[in-house]
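All of these numbers come straight from a predicted model, not from anything done at the bench.
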Amino acid sequence: MSAVTDPADHAPVDSSGADSPGTDRPADSALTRLEAIRGTIDNIDAALVHLLAERFKATQQVGKLKAENDLPPSDPEREKTQIHRLRRLAEAAHLDPEFAEKFLNFIISEVIRHHEAISQNHQRSTDA
């Protein structure tokens, strides 16, 4: 019973023939579960991308409305309220509130950057 290394997974493989097809070895079961969990993660990642795209479509509309009405690109009170709200949601969902705040701060900084660009473009178009 010599062990041969399978280059596909770098795990020792018993070449004695003791494992017959259809027998679930613990490693096979773990790999199957790992693939299923990773599939779930992939689906969640895709959903996050689509949700972020929808969020940014809405924030683009906000940026345009702000620019057309000479409102500032950022709203610190709204941002503070949103961060507080998201931290509460994170706690309720058993997600680290610090992580949730960092994530929202990143999104907010991108939104503000977009709003500034929209405002500059609007200003140029009205100056022309």
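The CZ atom of Phe99 lies 9.5 Å from the CG atom of Leu86; values are rounded to the nearest 0.5 Å. Once rounded to the nearest 0.5 Å, the distance linking CD1 of Ile83 with NZ of Lys102 reads 13.0 Å. Remark: Phe103 CZ to Leu48 CG distance equals 6.5 Å, nearest 0.5 Å. Note that CZ of Arg78 and OG1 of Thr81 are 7.5 Å apart. Values are rounded to the nearest 0.5 Å. Between atom CD of residue Glu68 and atom CD1 of residue Ile118 there is a gap of 10.0 Å, rounded to the nearest 0.5 Å. Considering CD of Glu116 and NZ of Lys66, their distance stands at 10.0 Å, rounded to 0.5 Å.
Here Arg113 pairs with Glu110 in a salt bridge; the nearest charged N to carboxylate O distance falls below 4.0 Å.
Looking only at distances, no side-chain donor or acceptor of Asn69 sits under 3.5 Å from a matching main-chain atom of Leu71. Listed for the Thr126 side chain is a donor-acceptor partner under 3.5 Å among the backbone atoms of His122.
Leu89 has its side chain out of reach of Leu95: every pair of non-hydrogen atoms, C-beta onward, lies at least 4.5 Å apart.
Evaluation of the ring-ring contact (aromatic ring centres under 6.0 Å, His included) rule for His84 yields no partner, not counting sequence neighbours. Checked against salt bridge (charged side-chain N to carboxylate O under 4.0 Å, His left out), Glu79 has no partners two or more places apart in sequence or in another chain.
When all heavy atoms of Ser119 and Ala67 are compared, the pair lying nearest together is CA-CB, 3.8 Å. Closest non-hydrogen pair, Pro97 versus Ala90, comes out as CA-CB, 4.0 Å.
Residues His114 and Gln60 bring a donor and an acceptor atom of their side chains to less than 3.5 Å of each other.
Each of Val62 and Ile107 belongs to its own hydrophobic cluster when Ile, Leu, Val, Met, Phe, Trp and Tyr are linked at side-chain heavy-atom distances under 4.5 angstrom.
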Worksheet entry | Verdict with supporting geometry, His50 and Glu54, side-chain contact (heavy atoms from CB on, under 4.5 Å) | CA-CA 6 Å; His50 288 281; Glu54 288 302 311; 5.8 Å; no
Step by step, work out the side-chain contact (heavy atoms from CB on, under 4.5 Å) result for Asp45 and Val49.
-> CA-CA 6 Å; Asp45 288 346; Val49 167; 5.7 Å; no
